Amino acid sequence: MSYQIRLFGDPVLRQQASEVTDIDGRLARIVEDMVPVLRSAEGLGLAAPQVGVQKRFFVYDMGEGPRTLINPVIEESEGEWVYNEGCLSVPGMSFEIVRPKTIHLRGLDLDGNEVSIEADELLARLFQHELDHLDGILLLDHLDKATRKQALRTWRELTESPARPSGLGGVGSLSLP
Ligand code: NI
């Protein structure tokens, strides 16, 4: 099955995803279908809700091949780091957002093994961004009121423009998923 990336405005992006209870062939097949979507969008990560699957997992690829994290939890976070963050569900837009610089994340991999990762900077950012998706949170929610208002206006212009460039989705390639 081929997935479409759900865009901002789709209610599925605002729902709380539920825990994965069975790490089975069905989940593996969903992941298999998500990887090419992530690749063709040239993103770094893709959370299940972004393809309409209300489950707590995401795929990511930092250049070392695709990996999956299931039921991820941030155990600790530290510091502050500013990064110009984008999202495949809000293509064409990015924002300077402050988040913790390092995190300790725990979860499960596709074999059901426990994973414990100390992540810094870009990887830490990716994890926090994807985890937000599992809770129905989008990067726009991290903006102050005025910036958010402006962002919503820009988004409306981008999506309502009849001359919307078909390659719009590729703009996210420089930023996070
Ligand atoms: Ni995103």
Side-chain angles (χ1 to χ4, degrees), residues 1-62 65-77 83 85-91 93-95 97-100 102-119 122-143 148 151-152 155 159 169 172 175-177:
M1 130 157 221
S2 105
Y3 287 121
Q4 289 274 335
I5 296 178
R6 306 297 184 92
L7 298 180
F8 176 56
D10 189 321
V12 83
L13 294 172
R14 288 309 198 177
Q15 287 158 24
Q16 179 88 15
S18 55
E19 293 272 312
V20 174
T21 48
D22 298 301
I23 300 177
D24 52 14
R26 193 173 160 264
L27 183 74
R29 276 192 298 280
I30 297 172
V31 166
E32 233 168 75
D33 289 340
M34 282 171 69
V35 169
V37 177
L38 174 63
R39 236 175 234 147
S40 64
E42 296 178 46
L44 297 178
L46 185 67
Q50 289 184 278
V51 293
V53 176
Q54 289 302 319
K55 291 284 173 190
R56 301 189 74 81
F57 69 95
F58 59 82
V59 296
Y60 68 101
D61 190 344
M62 292 283 282
R67 297 193 182 165
T68 307
L69 268 170
I70 300 161
N71 298 339
V73 176
I74 293 174
E75 297 278 346
E76 271 174 72
S77 54
Y83 183 75
E85 199 172 319
C87 178
L88 293 176
S89 292
V90 194
M93 298 182 74
S94 62
F95 308 93
I97 293 173
V98 187
R99 292 187 196 250
T102 55
I103 61 163
H104 177 205
L105 179 137
R106 293 162 70 88
L108 299 168
D109 67 16
L110 257 187
D111 298 315
N113 298 316
E114 281 225 19
V115 189
S116 170
I117 307 175
E118 296 283 344
L122 189 56
L123 184 61
R125 179 59 58 111
L126 179 139
F127 287 161
Q128 292 173 84
H129 180 105
E130 299 311 331
L131 236 145
D132 269 359
H133 276 302
L134 308 183
D135 294 319
I137 298 167
L138 295 171
L139 79 175
L140 297 163
D141 302 326
H142 290 275
L143 305 176
R148 184 183 156 88
L152 292 174
W155 175 254
T159 50
S175 45
L176 275 176

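Computed from a predicted structure; not experimentally measured.
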Check whether [X] reaches the backbone of [Y] with its side chain - one donor and one acceptor, N or O, closer than 3.5 Å.
X	Y	result
Asp24	Arg26	yes
Asp109	Asp111	yes
Asp33	Ile30	no
Ser116	His104	no
Glu130	Val59	no
Asn71	Val20	yes
Glu75	Arg106	no

Quick one, [X] and [Y] - any side-chain contact, counting heavy atoms below 4.5 Å?
X	Y	result
Leu134	Gln16	no
Gln54	Val12	yes
Asp132	Arg99	yes
Leu122	Tyr83	yes
Leu108	Glu114	yes
Leu138	Arg14	yes
Tyr60	Arg67	yes
His133	Leu88	no

[X] and [Y]: which non-hydrogen atoms are nearest, and at how many Å?
X	Y	value
Pro49	Ala17	CG-CB, 4.2 Å
Ile23	Gly112	CD1-CA, 3.8 Å
Gly45	Gln50	O-OE1, 4.3 Å
Leu110	Ala28	CD2-CA, 4.3 Å
His142	Ile97	CB-CG2, 3.9 Å
Met34	Ala47	CE-C, 3.8 Å

Let me see the working for Met93 and Leu139 under side-chain contact (heavy atoms from CB on, under 4.5 Å), right down to the final yes or no. CA-CA 10 Å; Met93 298 182 74; Leu139 79 175; over 6 Å; no

Count the heavy atoms of every other residue, nucleotide or ligand shown that sit under 6.0 Å from CD of Gln15, and state whether that count exceeds 12.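 More than 12 within 6.0 Å, yes.
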
Crowded around Gln4 CD? As in, over 12 foreign heavy atoms under 6.0 Å? no

Is there a side-chain contact (heavy atoms from CB on, under 4.5 Å) between Leu131 and Arg56 once you walk through the steps? CA-CA 8 Å; Leu131 236 145; Arg56 301 189 74 81; 4.1 Å; yes

[X] side, atom [atom1]; [Y] side, atom [atom2] - distance, nearest 0.5 Å:
X	Y	atom1	atom2	result
Leu69	Ile117	CG	CD1	5.0 Å
Gln128	Leu105	CD	CG	9.5 Å
Ile74	Ile103	CD1	CD1	4.0 Å
Glu118	Leu123	CD	CG	11.0 Å

Do the rings of Trp155 and Phe8 sit parallel, tilted or perpendicular, given the 30° and 60° boundaries?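 Trp155 and Phe8: perpendicular rings.
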
Mind running side-chain contact (heavy atoms from CB on, under 4.5 Å) on Leu46 and Tyr3 for me, showing each step along the way? CA-CA 11 Å; Leu46 185 67; Tyr3 287 121; over 6 Å; no

May I have the step-by-step check of side-chain contact (heavy atoms from CB on, under 4.5 Å) for Leu27 and Thr68, ending in yes or no? CA-CA 10 Å; Leu27 183 74; Thr68 307; 5.9 Å; no

